[in-house]
Engineer: 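Sharing a structure, written as structure tokens. Questions coming.
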Number of protein chains: 2
Amino acid sequence: MAPRKPSARVTIRTVAADAGVSVAAVSKVLRNAYGVSEALRAKVQASITRLGYRPHAAARGMRGQSYTLGVILPDLTNPFFADIMAGIDAALERTEYQPLLGVGQSSPAVELELVDAMLDRQMDGLILLGPRITIDRIAAIAERAPTVVMAHHPVGPTRFDTVNDDDQLGARLIVQHLAGMGYRSIVYFSQDLQFNESQVTYHRELGYRAAMTEAGLGRYISVVMAEQAPREVRTMVRQLLQGRPRPEAIFCWTDFIAFEVLSVARELGLSVPDDVAIVGYDNTRYCDLAQNALTSIDQSGQLLGLQAARLLVERIKGREEAEHLVITPRLVVRASTVRKNAVLTGN
Amino acid sequence: MAPRKPSARVTIRTVAADAGVSVAAVSKVLRNAYGVSEALRAKVQASITRLGYRPHAAARGMRGQSYTLGVILPDLTNPFFADIMAGIDAALERTEYQPLLGVGQSSPAVELELVDAMLDRQMDGLILLGPRITIDRIAAIAERAPTVVMAHHPVGPTRFDTVNDDDQLGARLIVQHLAGMGYRSIVYFSQDLQFNESQVTYHRELGYRAAMTEAGLGRYISVVMAEQAPREVRTMVRQLLQGRPRPEAIFCWTDFIAFEVLSVARELGLSVPDDVAIVGYDNTRYCDLAQNALTSIDQSGQLLGLQAARLLVERIKGREEAEHLVITPRLVVRASTVRKNAVLTGN
DNA sequence: TCCGTCGTGTAGAACGATTTACGTAAAACG
DNA sequence: CGTTTTACGTAAATCGTTCTACACGACGGA
């Protein structure tokens, strides 16, 4: 009659006793480590399922891995992230790894705090999605844990992996499409960020500038920036659309912003695309809605997420050299850039 | 010359040695437990900041709390959840608790797996947002950890807290508004779910039915259901809008669906609200866009999230009795239900 | 026959916190 | 003044794993 709690937790020790083997043997089976016979493995597996044993992740984290991956998103409002998460989930479906999300609120301070919080919790690896922090901070994080960065272009060689679409190409595709449709004064509407050089917005700007020059529209190059907040965006867009001369087309760095631009255009009584053409980026599901019908760049968030998760697991398992994946974007044309009477105003 | 790793981790022991006190004393300061003098606290705090010590969450989780709260969302596409998360983040800002998200993919199996994964990781409490699992499963979860359920109405007394808006009232507000504008055949467009009785969709249906009857429109009552997937929604809506007689108004259980309905209506060449009025629920940020201009019900996701987090922390700290918070929804009228020439077709 | 080596399994020391049980000195009490 | 209480600290056990070091028998080559 030892004074034991009746509903004690099923631990690795319980399993070991039940299977008639040592604790270490059970641990080996769990991690499918080297040095267990098939007979022993079967015995232990049987006990595990019979007892309904689940490994205590916190205890695991003390010595080995926690089998938890941290994903940091800038915010939850951009539906593009849903696609990426779907990809990550799909990639980890059959593995032991569990992704958990943190929201960085588009703030460097919050992001850094979140990284620390995740590392305190012994996460085995991190996926940073469009981080707002500087490249050397990311490098420091990568020293502490396996890291994959998405939607963020490093400037030099790095010790972490990256997954991106070719943002310069995406921007070029847009400019080429618009130029082909006869639009000349094309504005690039970007985001006001602190550490610009590695952000996707900047790379899209590079592509925009290059393509404009190539198309002989160099003198129309114009980049406008605004804060992310809807109010800032709207006032900026209103200025833009009420200015003289009015731009013929606006290329927004992400769909989310383009929807705001569509809204302001409509409020001002402007017709899209006859008075002004509008393009987004990311090809989120809202682009397809008839009231938006937004031409956009598809970069397959699902694929991006899948690859990022794959790279991270590889790296956790020991890969040392950095990999930098770039996927090719694709233009999806919708009504927001195609004039009803498609006359090319070719002069 | 003990053979120590040079860059060893700063542990509670390091801090204790540095401050010249015992390990337990430091632990007490960390948890601000009873029985530490102000002098000792100050000494320890100084050491902590000097050494840059951060508690190892996995180790904490072994015996005490992990200071981690799990939040489970059905998906990442509904922008309403962003508001809720903002509220949760705000409430936990100044506390030690760190919220981490999991995505349930609107699937009971995935949700249950996620709950287990979170409990394996010793999370101190769970917030379930619009769970798709049965009420008794939720009850079982609540036995294992403090739990707060949002957007889900329990049928009887429970051992977990809930936070909801008054969904019946919200639906009533919509019907009253539409009836007041002269619409008579108002369809409720709901979601096809397995365990209906406790879902918000069902409560909105109850409100809809009651209000229709009260408004003398009982014979127009009509509830249509579809799967969540865009394709299913669109075909169902197309059927609805091409049927004879065409409904005069469609009340969608959430904004997200209403946007699809707006899209289909436009594709069919129907004018909103002259040919058909459309209403949503949640008042997500996209409602405000001119191309949507969607009348909706505001239930302040931010406030809901804030309260949920507050309740959860309270419960972790020891509260036993369940609390059920209900906040009052508010109708936000936009162009999707207001005819340009507002003639009441009063017969 | 002797001596590695290999394959399998075990005992026990970590990991870094919390928590229990217990000292010890100072303050309060009769 | 002796005793109890209170306040503050401490040592050591504990949580559930992983991992290192080693034991043991079988096998194979010299």
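Below, chains carry the letters A, B, ... as their sequence lines are ordered, and counting in each starts from 1.
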Engineer: Report the distance from atom CG of Asp120(A) to atom C1' of dG16(C), rounded to the nearest whole Å.
Structural biologist: 12 Å

Engineer: Quick check on the helix from dT1(C)-dA30(D) to dG30(C)-dC1(D): what's the angle between its two end axes, five base pairs per end, to the nearest 10°?
Structural biologist: 40°

Engineer: Side chains of Thr68(A) and Arg121(B): donor-acceptor distance under 3.5 Å anywhere?
Structural biologist: yes

Engineer: Protein within reach of the bases, or only the backbone? For nucleotides 19-25 of chain D, mark each nucleotide 5' to 3' as B, S or -, using heavy atoms under 4.0 Å.
Structural biologist: B------

Engineer: Could you state the OH-P distance from Tyr67(A) to dT17(D), rounded to the nearest angstrom?
Structural biologist: 12 Å

Engineer: Report the residues that fulfil side chain to side chain contact (heavy atoms under 4.5 Å, CB included) with Asp83(B), sequence neighbours left out, ordered by chain and then residue number.
Structural biologist: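 Scan of Asp83(B) (side chain to side chain contact (heavy atoms under 4.5 Å, CB included), adjacent residues dropped) gives Phe80(B).
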
Engineer: Hey, does Gln98(B) have a side-chain heavy atom less than 4.5 Å from the side chain of Asp120(A)?
Structural biologist: no

Engineer: Find the distance Met62(A):CE to dT18(D):C1' and express it as a whole number of Å.
Structural biologist: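 Spelled out: CE on Met62(A) to C1' on dT18(D) is 10 Å.
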
Engineer: Run the numbers on Thr158(A) and His324(A) for side chain to side chain contact (heavy atoms under 4.5 Å, CB included), then give the verdict.
Structural biologist: CA-CA 9 Å; Thr158(A) 64; His324(A) 299 285; 3.1 Å; yes

Engineer: Is the count of non-hydrogen atoms from other residues, nucleotides or ligands lying under 6.0 Å from Arg159(B) atom CZ greater than 12?
Structural biologist: no

Engineer: Answer with base, sugar-phosphate or nothing: what part of the nucleic acid does Tyr53(B) contact at a heavy-atom distance below 4.0 Å?
Structural biologist: sugar-phosphate

Engineer: Do any of residues 32-43 of chain A sit with a heavy atom less than 4.0 Å from DNA chain C, and if so which?
Structural biologist: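 By residue number: Tyr34(A), Gly35(A), Val36(A), Ser37(A), Leu40(A).
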
Engineer: Quickly work out the Arg54(A) CZ to dT17(D) P distance and round it to whole Å.
Structural biologist: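 The answer, rounded to whole Å, is 12 Å.
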
Engineer: Who passes side-chain hydrogen bond (donor to acceptor under 3.5 Å, both in side chains) against Glu38(A), sequence neighbours left out?
Structural biologist: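 Residues passing side-chain hydrogen bond (donor to acceptor under 3.5 Å, both in side chains) with Glu38(A): none at all.
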
Engineer: Nearest-Å distance, CD (Glu96(B)) to C1' (dA17(C))?
Structural biologist: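 Interatomic distance, CD of Glu96(B) to C1' of dA17(C): 13 Å.
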
Engineer: Apply side chain to side chain contact (heavy atoms under 4.5 Å, CB included) to Ile135(A) and His152(A), showing your working.
Structural biologist: CA-CA 9 Å; Ile135(A) 204 92; His152(A) 196 275; 3.8 Å; yes

Engineer: Would you say the side-chain atoms of Asp75(A) pair up with the backbone N or O of Gln105(A), donor to acceptor, closer than 3.5 Å?
Structural biologist: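 Flag not set: sc Asp75(A) to bb Gln105(A) has no pair under 3.5 Å.
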
Engineer: For Glu323(B), is there any backbone N or O sitting under 3.5 Å from a side-chain donor or acceptor partner on Arg315(B)?
Structural biologist: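 Flag not set: sc Arg315(B) to bb Glu323(B) has no pair under 3.5 Å.
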
Engineer: Taking atom CD as the centre, does Glu113(A) end up with more than 12 heavy-atom neighbours from other residues, nucleotides or ligands that are less than 6.0 angstrom away?
Structural biologist: no

Engineer: Does a side-chain N or O from Thr11(A) land closer than 4.0 Å to OP1 or OP2 of dG16(D), or not?
Structural biologist: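 Looking at the OP1 and OP2 atoms of dG16(D), neither is under 4.0 Å from any side-chain N or O of Thr11(A).
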
Engineer: Arg310(B): what forms a side-chain hydrogen bond (donor to acceptor under 3.5 Å, both in side chains) with it, not counting sequence neighbours?
Structural biologist: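 Checked Arg310(B) against side-chain hydrogen bond (donor to acceptor under 3.5 Å, both in side chains); matches are Gln307(B), Glu314(B).
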
Engineer: Calculate the interatomic distance between His56(B) atom NE2 and dT17(D) atom P; express it in whole Å.
Structural biologist: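 Result: 16 Å.
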
Engineer: Once you round it to whole Å, what is the distance between P of dG16(D) and CZ of Arg60(B)?
Structural biologist: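 My rounded result for the distance is 19 Å.
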
